[in-house]
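Below, chains carry the letters A, B, ... as their sequence lines are ordered, and counting in each starts from 1.
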Amino acid sequence: MDDFRGGHILEEKYNPIAIEKKWQELWHETGVDSIVRDDSKKKFYCLEMFPYPSGKIHMGHIRNYVIGDVITRYKRMRGFNVLHPMGWDAFGLPAENAAILHGTPASKWTLDNIDYMKKQIGKIGCSYDWSRELTTCTPQYYKWNQWFFIKMLERGLAYKKNSSVNWCGQCSTVLANEQVIEDKCWRCDSVVSKKELEQWFFKITAYAEELLAGCDTLTGWPDHVVAMQKNWIGKSLGAELDFPVENSDIKIRIFTTRPDTLFGATFVCLSPAHPLAAFLTEDQEGLRRIRTEYDKQDAATAQTTLGMFTGKYAVNPINGERIPIYVATFVLMEYGTGAIMSVPAHDSRDFEFATAHNLTIKQVIAPPEAVSELKPLAEAYEGEGILIESGDFTGLPNKEAIVRINEYIENKGIGTASVKYKLRDWGISRQRYWGTPIPVVYCENCGALPVPLDELPVILPENIELKGMGGSPLAAVEGFVAAKCPKCNGPARRDTDTMDTFVDSSWYFIRYCSKMNEDALDKPNIEHFMPVDQYIGGVEHAVLHLLYSRFFTRVLRDLGIVAVEEPFTRLLTQGMVCKETLKCPEHGWLFPEEAKGGKCSQCNGSVERGRVEKMSKSKKNVVTPDELTERYGADTARVFSLFAAPPEKDIDWSDQGVEGAYRFLNRLWTLIYSNIEQLKTHRQKTHTTGPLIRKTHQTINKVTQSVERDYHFNTAIAALMELLNEANSFRPSKDEDYASLYFAVRSMLLLLSPFAPHICEELWQGIGEKGSILLHSWPEWDEEAAKEEEIELVIQINGKVRAKEKVSASLDDDNIREFALKNIKVMELLAAGKQPRQKILVKRPGSCIVNIVF
RNA sequence: GCGAAAGUGGCGGAAUUGGCAGACGCGCUGGACUUAGGAUCCAGUGCCUCACGGCAUAGGGGUUCGACUCCCCUCUUUCGCACCA
């Protein structure tokens, strides 16, 4: 700790590059910047979404990590024992693509990238506990993916079923969704088709209800993210009913959310993929055409009225009516039962279909105000109403009818109340190389068997040649595929698929609770640190990653590993980093240096200023962290990105804004440097009162409130700028003035240190404080010292501001009102004979308002 | 189409529970110091008006002594979902 003994000499000029390097090294060497577990303090777990090691850190990462770092440093100064880890989401397709295209082994590519990115992260001065650094592509990590897989298999939460994948016939390989570009293969440009493969699934639907109910406990999450989760789970209440097929003992089971409209069902629709479709349809050729359309349709291309009559009729079980059975492409096999009853009068899709096919439309719900006079419907009526032409249920409000009809069908044995979810089970098989091997072997005699737990991990072979042809790359690796059956010891072969990388990120926050040299699932560690108190990341993970993590946490809870059910108490979804784009009508997007003087450097044509868009290489509006830290230093980069907007909003990158942040730090430096001797001398003197002391207390208050209230760092920094402005215009002459200045400067450094740690540490040492500023506690404000002696009295007449005057803060309410009445403008009105009807007084900190109403 | 969020100066953005709209920064204007300034410092800067004053928080209405804030309608933008029966 000798390095923090004070007596440090400041350079005249602020030199961020030198001081940042110095302190980063010193903090690292002395361990000041890493936080060790200390059970005497309250824990705080602050986590940023770990990066995929794509090669370089970009501004989005920087923003994410800086927000997390500020929270970490702030909470630490407030006396918390903060867990703040970092790691690498290291499995994934880009590494595999690099291997296919350039022959670089995926592991080397990944580890090299991690090396480089770790250096970049170090340069922005974030304080991580690197003893917990994890890399998901290491066997030590993915072993546990396999372990969880087997545990889930044992509990029936992992199972195999057929599912379709994107298939490129030309390359004879499976494609991930992101490798399919406009229905074509990313490499050979040939058309992609669907292929059925047997794949592994995790039964997330078993937790659907719990995940949905848990949404209501996520009070620390942004509302829209919770809404997206609920919407994704998509619960709907309804009923399942059997519609018998005429002249047969076959029944068609349908799902509906509107049993109240049962009397209005005028036809039944089957999905083209429904097993009964082929069985019932007379025109097989026609069905085949529709099936082809159905298979290739997606949300954008779907036709709403494509379908055909099967030639058969069904019986409406509630009234015995004979209604036709259709096949329709708008009915999805994956949802509900793959068959519906169509009620064209009360469902817009059914209405459209019925109109196109000339089918009966029978109204059974009337709007409450129009029961007596019904007109033919021009569109489906989907609102509330009263049942009509519905047998014994006629006259009931439809809400009530749902309940009564559900009871009726259950009693009659023709149906049952039913709950459906949009949420599907999570398919985790990937026909890919760079991922966690699925720990299953197939024996000819014994079938599919999990690898015994004590044989884990199943190691992913490295340095294999990837050609990008054929099915799963691992299938071509002889040494990997060959295995022994754990049951009969006979020859067996391994599953050659790997797991979805979302598996890796579904529990990494639990792994961090223990150091890398400790047991991965150490219960006391997990119990101590979980849940994550503050999670920070992009909205793009609002559904999948967060939902999978919530699912995994519950599975791990059921396995006795975790005690909590929700992994993330508070969630902050930070906005994107955007920048203005520049475009030449001839040459497209331009770099700023190609558009000097508003002219395109190639054709000299005038440049259009494009929209402000998310930074991306293709739009040529990227600022790299490297150029920024080399030019201005990390502290400037940090201050700008925090000052530009509150964290949840997008920020608009501006080079001039960065300059502004840099100037702010320079002004701070200059203020301290130019008063350094007096500051050092008056360090010990107790300060007195005065405007600067008062402003300092107010600033401590303001900064603390801004941080506490939703991490609004932009207003916190603004308050510090105000204090600096006031300190700059303060002209000290007496000893006590310098003592005041010292107090202001010292507080300012403490308050600014989470935002700009390097410069604050340098100046802290410069003014002769002892010990690292990082270990200092957050300053407290004194309510009394922050109070103004004089307050501003705003005088309103009929709600309009007419005058402002300074009055003593000690005046009581009546005195203030009296004072306001003596105002010249008020007097004029009084003299004119008007009588005030009301005198409303509002007190605010530092000011008060009197509204005189005539 | 459905759902959610948002709309404030030339720009990014401020404004506890309804209580001085525009904090702070950028930009711009003028000045100082300079051989010079794209450095630094000082002053000014919502709009209209010579001024008194008036008008301003997407637009329109309402509640209120008082509305960026609450209520109703309209417009625009962004995001999510998109045949989920």
Side-chain angles (χ1 to χ4, degrees), chain A residues 222-228 230-232 234-236 238 254-258 261 269 271 297-300 302-305 328-332 334-343 346-350 352-353 420-424 539-540 542-543 578 580 612 639-640 643-646 648-661 663-664 666-667 670 702 705-706 709 712 714-725 728-729 792-804 836-854:
Chain A
D223 292 343
H224 67 280
V225 175
V226 177
M228 281 160 78
K230 283 186 178 170
N231 185 31
W232 192 262
K235 180 181 183 174
S236 40
I254 62 99
F255 174 71
T256 180
T257 53
R258 295 291 304 272
T261 63
C269 282
S271 168
Q297 79 180 1
D298 55 42
Q303 296 180 57
T304 52
T305 58
T329 58
F330 77 85
V331 181
L332 304 179
E334 304 90 72
Y335 185 75
T337 59
I340 60 164
M341 66 171 196
S342 283
V343 186
H346 305 292
D347 181 290
S348 56
R349 294 155 305 176
D350 295 345
E352 220 182 308
F353 192 87
K420 297 282 178 209
Y421 300 90
K422 284 198 243 177
L423 183 68
R424 309 281 154 78
V539 238
E540 64 274 20
V543 180
C578 302
E580 176 187 69
V612 173
V639 168
F640 172 72
F643 180 64
E648 69 279 4
K649 279 192 68 166
D650 289 353
I651 59 173
D652 215 353
W653 196 269
S654 119
D655 296 332
Q656 281 132 355
V658 176
E659 292 276 354
R663 276 202 287 269
F664 165 58
N666 270 294
R667 285 208 308 275
T670 308
K702 181 77 206 299
Q705 299 306 325
S706 290
R709 184 165 57 91
H712 276 54
N714 55 332
T715 52
I717 292 171
L720 286 164
M721 287 173 167
E722 269 189 71
L723 178 58
L724 177 62
N725 291 344
N728 254 330
S729 54
E792 190 173 47
L793 171 63
V794 176
I795 299 162
Q796 296 184 336
I797 296 171
N798 293 336
K800 294 203 186 249
V801 179
R802 283 296 118 117
K804 293 179 185 181
R837 287 194 287 128
Q838 280 190 75
K839 286 166 275 184
I840 291 158
L841 175 72
V842 186
K843 282 191 159 168
R844 312 284 303 155
S847 71
C848 70
I849 292 168
V850 175
N851 185 13
I852 298 166
V853 185
F854 285 96

Of B:A14, B:G13, B:C81, the nucleotide closest to the side chain of A:Trp232 is B:C81
Taking a pair to mean Watson-Crick or G-U wobble geometry with both distances below 3.5 Å, B:G10 pairs with B:C26
Open item on the list: So for A:Arg844 and B:U16, does any side-chain atom that can act as donor or acceptor lie under 3.5 Å from a complementary atom in the base?
Closed with: no
Do the side-chain N or O atoms of A:Arg663 get closer than 4.0 angstrom to the phosphate oxygens (OP1, OP2) of B:G38?
no
Closest of B:C81, B:G13, B:C24 to the A:Ala645 side chain is B:G13
Applying a 4.0 Å non-hydrogen cut-off, can you work out what A:Val539 is touching in the nucleic acid: base, sugar-phosphate, or nothing? nothing
The reported gap from CD in A:Glu792 to CZ in A:Arg844 (rounded to nearest 0.5 angstrom) is 13.5 Å
pair_partner(B:A82), Watson-Crick or wobble, both distances < 3.5 Å, evaluates to none
With syn defined as a glycosidic angle within 90 degrees of 0 and anti as anything else, the base of B:G9 is syn
With C1' as the reference atom in both, quote the distance from B:U69 to B:G62 in angstrom, rounded to an integer.
15 Å
Heavy atoms of A:Val850 and A:Leu841 approach each other most closely as CG2-CD1, 3.5 Å
Practice task
Please check the phosphate of B:A39 (OP1 and OP2 only) for any side-chain N or O of A:Arg667 closer than 4.0 Å.
Solution key: no
*Separation between the C1' atoms of B:G7 and B:G54, rounded to whole Å*: 26 Å
| message | Any non-hydrogen side-chain atom of A:Asn725 less than 4.5 Å from a side-chain atom of A:Arg667? | response | yes
Separation of B:G66 atom P from A:Asn798 atom CG, nearest Å, is 9 Å
#### Entry: More than 12 heavy atoms of other groups within 6.0 Å of A:Lys839 NZ
no
Picking from B:C26, B:A85, B:C81, the nucleotide nearest the side-chain atoms of A:Gln656 would be B:C26
Self-check item: Any A:Asn714 side-chain nitrogen or oxygen under 4.0 Å from OP1 or OP2 of B:A14
Solution: yes
Of the listed B:C24, B:A14, B:G54, the closest approach to the A:His712 side chain comes from B:A14
| How about A:Asp223: does its CG atom have over 12 heavy atoms from other parts shown lying under 6.0 Å from it? | no
**Asked** Would you say a side-chain N or O of A:Lys800 is under 4.0 Å from OP1 or OP2 of B:A56?
**Response** no
Roughly how many Å apart are B:G38 and B:G60, using the P atom of each and rounding to a whole number? 44 Å
query = Within the structure shown, what part of the strands sits under 4.0 Å from A:Ala644 by heavy-atom distance: base, sugar-phosphate, or nothing?
reply = sugar-phosphate
B:G61 versus B:A67 - spacing of their P atoms, nearest Å: 14 Å
note: A:His346, atom NE2; B:A85, atom P; distance rounded to Å ~ 17 Å
From the candidates B:C20, B:A23, B:A14, the one with an atom nearest any side-chain atom of A:Lys804 is B:C20
All heavy atoms of A:Thr304 vs all of A:Phe330, minimum pair found to be O-CD2, 3.6 Å
Winner on side-chain proximity to A:Asn725, out of B:G54, B:A85, B:G25, is B:G25
Exercise. Does A:Ser236 make a side-chain N or O approach to OP1 or OP2 of B:A85 shorter than 4.0 Å?
Worked result: yes
Checking N1-N3 plus N6-O4 or O6-N4 for Watson-Crick, or N1-O2 and O6-N3 for wobble, each under 3.5 Å, the partner of B:A15 is none
Separation of B:A85 atom C1' from A:Phe330 atom CZ, nearest Å, is 8 Å
A:Ile651 atom CD1 is separated from B:A14 atom P, nearest whole Å, by 13 Å
- Rounding to the closest angstrom, what is the interatomic distance between B:G53 and B:A21 at atom P? 15 Å
Considering only heavy side-chain atoms of A:Val853, the closest of B:G12, B:C65, B:A85 is B:C65
Contacts of A:Ala719 and A:Tyr335 projected onto RNA chain B by closest heavy atom; the upstream (5') one is A:Ala719
Check every strand shown and say whether A:Lys420 touches a base, only sugar-phosphate, or nothing at a heavy-atom separation below 4.0 Å.
nothing
- [ ] Might you work through the side-chain contact (heavy atoms from CB on, under 4.5 Å) test for A:Asp655 and A:Glu659, ending with a clear yes or no?
- [x] CA-CA 6 Å; A:Asp655 296 332; A:Glu659 292 276 354; 5.8 Å; no
Partner of B:A56 under the Watson-Crick or G-U wobble criteria, both distances under 3.5 Å, comes out as none
Paired to B:U69 by Watson-Crick or G-U wobble criteria (both distances under 3.5 Å) is none
Next item on the list: Sticking with atom C1', work out how far B:C71 lies from B:U49, rounded to a whole angstrom.
Entry: 36 Å
Taking B:A85, B:A21, B:C24 as options, the one with an atom nearest any side-chain atom of A:Phe643 is B:C24
- prompt: For B:A15, does OP1 or OP2 lie under 4.0 Å from any side-chain N or O of A:Arg709?
  reply: yes
Under a 3.5 Å limit on both distances, the Watson-Crick or wobble mate of B:A5 is B:U77
The nucleotide from B:C65, B:A85, B:A23 with an atom nearest the side chain of A:Ile840 is B:C65
To the nearest angstrom, the CD1-P distance between A:Ile797 and B:G53 comes to 11 Å
Check: A:Glu792 side chain, B:C20 base, donor-acceptor under 3.5 Å: yes
Result for 5'-nearest mapping on RNA chain B, choosing between A:Asp347 and A:Gly660, is A:Gly660
Notebook entry, point to check: Would you say a side-chain N or O of A:Asn231 is under 4.0 Å from OP1 or OP2 of B:A82?
Noted result: no
Scanning both residues in full, the closest heavy-atom pair of A:Asp650 with A:Ala645 reads O-CB, 3.8 Å
When rounded to whole Å, the CE to P distance for the pair A:Met228 and B:A82 reads 10 Å
Correct closest heavy-atom pair for A:Tyr335 and A:Ser236 would be OH-OG, 2.8 Å
Tightest non-hydrogen contact, residues A:Val612 and A:Cys578, listed as CG1-CB, 3.6 Å
Requested in this report: Tell me what A:Thr304 touches on the nucleic acid: a base, only sugar-phosphate, or nothing, going by heavy atoms under 4.0 Å.
Outcome: base
Sugar-phosphate only, base, or nothing, as touched by A:Arg802 at under 4.0 Å among non-hydrogen atoms: sugar-phosphate
Atom CG of A:Asp650 and atom P of B:C79 are separated, to the nearest Å, by 9 Å
When you measure from the side-chain N and O atoms of A:Lys843 to the phosphate of B:G19, is any distance below 4.0 Å, counting only OP1 and OP2? no
Against the side chain of A:Asn851, the closest entry in B:C20, B:G13, B:C65 is B:C65
Atom NZ of A:Lys422 and atom C1' of B:G80 are separated, to the nearest Å, by 11 Å
| What is the nucleic acid contact for A:Gln796, judged by heavy atoms within less than 4.0 Å: base, sugar-phosphate only, or nothing? | base
| Mind checking the C1' distance from B:U17 to B:G12? Whole angstroms is fine. | 28 Å
Applying the 3.5 Å cut-off to both distances, the Watson-Crick or G-U partner of B:A32 turns out to be B:U40
